[in-house]
Amino acid sequence: MIDIKLIRDETEKVRKAIRDKNIACDLDRLIAVDDRRRAIQQEADQLRQQSNELSNQIGLYKNPKGKWYQDALAKGTTADQLKAEGDKIQADSARIKQRIKELEEEEKTIADDFRALMLTVPQIPSAKTPIGKNDTQNVEVRRVGEPRAFDFEPKDHVQLGKDLNIIDIERGVKLAGTRNYLLRGAGTMLHQAVLRLAMDLIIERGFEPMTVPVVVRDEMMYGTGYFPGGEEQAYRCERDAKSLVGTAEVSLTAMYGDEILDEAQLPIRLAAVSTCFRREAGAAGKDTYGIYRIHYFEKVEQVVLCKADEAESEKHHHAIIANAEAVLQKLELPYRVMMVCTGDMGQGKVEMYDIETWMPSRKGYGETHSASRLGEFQARRLNLRYRGADKKTYFCHTLNNTVIASPRILIPILEQYQNADGSVTVPEALRPYMGGLSVIAAR
RNA sequence: GGAGAGGUGGCUGAGUGGUUUAAAGCGGCGGUUUGCUAAACCGUUGUACGGAUUAAUACCCGUACCGGGGGUUCGAAUCCCCCCCUCUCCGCCA
């Protein structure tokens, strides 16, 4: 959500953002609804003021315990006279109350419209963000490491996983349907090792390790911007009005919602490993092979809540990207950093980078990380604020990025580290987490 | 899942229908005093929206807010209904 004042004052900028991001949002209607909303509020507030004044007067005439009433009696006014006067004012009051009631009814429907429309307004992308329709127009920022040249015919991760008996897709599908899998033995160890490596690195870099709920109230899904729009992508628990999160970002970002933090507490840097659940509705037929696009996975996520300051926010953005790159460098995996264009970045983002890791079987880079800077978009929805040194309240800026997501990251690891004999060398950085195991071989 | 007790400002806590703004204390902020600190004393105190006026998100005016939503009433923190949450006991359970 962005500031309605900004929408009114800088309408053209917002209009451009809607176009560039290709988002369905009726600004003219929003502004018309807001006009009406303001008019109603003004009239209703005035009438409420009158009504409050009349009520206080009636109170004087009708409250025998009151001092004013006692004084009036002492001056010789009779109880009947007081009652008659009170009744007269009450009649006036009734007329005003009737009009207030009408206004309140309209206020309610207009407020609902207003809220619904506000939720569709996009965040304005940064000036640096390339304008484009979809991911083909994302811009490469840098490339690190060289894809390996094989002197034998390499297998893909599905074949490796099967031959080494560490990934069992068939039984995963038997248990839970398409896009499910089992990891076993060294596969599970590798998966856990990667998560531990990422967690240790992010803790070392000053992030607080967290354990957070993965089933959250719908409110948090709206607050972080996944709803409205992403309902089909989430597993929803209808009976409880809750949803399974697709990322720990939701819980980490929303945890301070409805609070006013102290500026001195900021930045707050949090990291959590959690299971992520995604329905992948609308992705039918896309990336169906292997464990690239699946219904559940584990992810270490980093979240930063900072001051409402563009420069500071940008600094943290670069830092969380560097954190993710550090993990890939430890794993010695080749990757590239992409700046995501307007059409691919999503409603709430100010700026967004994806990191794509080289995956031999795809003969290309596949997305493994996504780093977003959202300005106050989520904070407004979550009512997540802080008190500045000047004692005023501001909405925080929020950022998030993957540290590592597994088993997707196992695709490049298995494929890049495979040997001619069908075994897979364990990356140096993971060996301490695997009891020193250096090679995964068929048994 | 069953029974009961609760939810009041940054915090503690009073307040069961009406005397302008929710008592009081703590904390915070400002000040006086002071070699410095502390103590004492005085003053001050939230959020959101709107209006008026602006250099201003300062000052002023109004409205709403006592977990959330509805209702009763001329008038609700207070009475009624629904929901959420917390605590206690019981049951179940990793």
Side-chain angles (χ1 to χ4, degrees), chain A residues 1-10 30-31 33-75 79 82-101 103-115 118 211 213 215-220 222-223 237-242 254-265 307-309 376 379-396:
Chain A
M1 196 174 315
I2 66 174
D3 194 347
I4 181 65
K5 285 183 198 133
L6 180 76
I7 297 172
R8 297 186 70 100
D9 295 346
E10 315 248 20
L30 172 60
I31 290 170
V33 165
D34 186 47
D35 285 341
R36 183 64 195 140
R37 188 180 67 100
R38 282 163 195 251
I40 291 171
Q41 184 184 343
Q42 265 178 58
E43 189 181 349
D45 277 359
Q46 262 173 36
L47 292 173
R48 284 193 195 105
Q49 182 184 1
Q50 287 175 31
S51 171
N52 286 345
E53 280 162 9
L54 292 178
S55 281
N56 286 333
Q57 281 182 41
I58 295 166
L60 297 176
Y61 288 99
K62 297 218 167 182
N63 181 17
K65 284 181 292 192
K67 184 171 180 298
W68 186 92
Y69 190 98
Q70 292 297 330
D71 287 349
L73 284 183
K75 282 181 203 146
L82 288 169
K83 181 176 183 305
E85 194 59 32
D87 287 345
K88 218 167 85 187
I89 301 169
Q90 202 166 313
D92 286 346
S93 174
R95 274 199 309 279
I96 295 173
K97 299 290 284 187
Q98 180 53 37
R99 178 64 187 148
I100 291 176
K101 201 168 180 179
L103 285 169
E104 280 177 345
E105 306 243 315
E106 195 186 345
E107 196 172 36
K108 207 184 295 174
T109 54
I110 212 105
D112 286 346
D113 285 354
F114 180 71
R115 202 172 311 116
M118 282 295 279
T211 301
V215 180
V216 299
R217 298 173 194 278
D218 286 344
E219 198 185 322
M220 309 311 155
Y222 283 99
C237 308
E238 295 287 345
R239 285 185 300 185
D240 304 300
K242 292 178 185 178
M255 64 177 280
Y256 288 109
D258 281 325
E259 296 187 29
I260 302 177
L261 303 166
D262 267 340
E263 186 175 318
Q265 290 175 262
K307 285 196 291 187
D309 180 276
E376 55 181 40
R380 272 187 184 274
R381 292 176 170 230
L382 291 165
N383 198 25
L384 163 55
R385 294 171 295 173
Y386 70 94
R387 193 173 302 284
D390 56 5
K391 298 292 164 204
K392 288 179 199 155
T393 57
Y394 298 93
F395 290 101
C396 295

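We name chains A, B, ... by the order of the sequence lines, and we start the count at 1 in each one. The structure presented is a predicted model; accordingly, all values stated were derived computationally and were not measured. Atom set for the values below is all heavy atoms of this structure, side chains included, hydrogens, waters and symmetry mates excluded.
- Residues satisfying the salt bridge (Lys or Arg N to Asp or Glu O under 4.0 Å) criterion with A/Lys242, sequence neighbours excluded, are absent altogether.
- Atom C1' of B/C79 sits at a distance of 8 Å from the matching atom of B/U16, rounded to the whole Å.
- Judged by distance alone, the side chain of A/Asp3 and the main-chain N or O of A/Lys5 form a donor-acceptor pair under 3.5 Å.
- Taking 4.0 Å as the cut-off between side-chain N and carboxylate O, A/Arg8 and A/Asp35 count as a salt-bridged pair.
- The C1' atoms of B/G75 and B/G17 are separated by 8 Å, rounded to the nearest whole Å.
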Output the pairing pattern of RNA chain B as a dot-bracket string, 5' first, Watson-Crick or G-U wobble with both distances under 3.5 Å, | for cross-strand pairs, [ ] for crossing pairs.
((((((((.[[[..)..(.....]]]((((((.......))))))((((((........)))))).[[[[[..)....]]]]])))))))....
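- As a whole-Å value, the separation of A/Glu263 CD from B/C29 P is 15 Å.
- Taking atom C1' on both B/A24 and B/C83, the two are 33 Å apart, rounded to the nearest angstrom.
- B/C66 and B/G7 have their C1' atoms separated by 10 Å, given to the nearest Å.
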Just by protein heavy atoms under 4.0 Å, how would nucleotides 68-76 of chain B read 5' to 3' in B, S and -?
------BS-
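- Ion pairing of A/Asp34 with A/Arg38 is present here, as a side-chain N (NZ or NE/NH1/NH2) and a carboxylate O approach within less than 4.0 Å.
- Of all heavy-atom pairs spanning A/Leu261 and A/Tyr256, the tightest one is CD2-CD2, 3.6 Å.
- Rounded to whole angstrom, the span from the CG atom of A/Asp258 across to the P atom of B/G10 amounts to 12 Å.
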Could you walk me through whether A/Asp87 and A/Lys62 pass the salt bridge (Lys or Arg N to Asp or Glu O under 4.0 Å) check?
CA-CA 9 Å; A/Asp87 287 345; A/Lys62 297 218 167 182; 2.7 Å; yes
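- Among A/Arg37, A/Arg36, A/Arg48, the one residue that satisfies the salt bridge (Lys or Arg N to Asp or Glu O under 4.0 Å) test with A/Glu107 is A/Arg48.
- A/Glu219 places its CD atom 11 Å from the P atom of B/C85, with the value rounded to the nearest Å.
- Partners of A/Phe114 under the ring-ring contact (aromatic ring centres under 6.0 Å, His included) rule, at least two apart in sequence or in another chain, do not exist in this structure.
- Across B/A38 and B/G46, the matching P atoms stand 24 Å from one another, rounded to whole Å.
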Sugar-phosphate atoms are those with a prime plus P, OP1 and OP2; base atoms are the rest. Using that split, label each nucleotide of nucleotides 44-62 of chain B B, S or - for protein heavy atoms under 4.0 Å, 5' to 3'.
---SSBSS-----B----B
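- Looking at A/Tyr222 and A/Leu382, their side chains never come closer than 4.5 Å, going by heavy atoms from C-beta outward.
- Going from the C1' atom of B/G69 to that of B/C29 covers 37 Å, rounded to whole Å.
- Nucleotides B/A40 and B/G62 are separated by 37 Å at their P atoms, to the nearest Å.
- Going from the C1' atom of B/G27 to that of B/U21 covers 23 Å, rounded to whole Å.
- Here the closest heavy-atom approach between residue A/Ala308 and residue A/Tyr394 is recorded as CB-CB, 4.4 Å.
- Among residues two or more places apart in sequence or in another chain, the salt bridge (Lys or Arg N to Asp or Glu O under 4.0 Å) test is passed with A/Asp258 by none.
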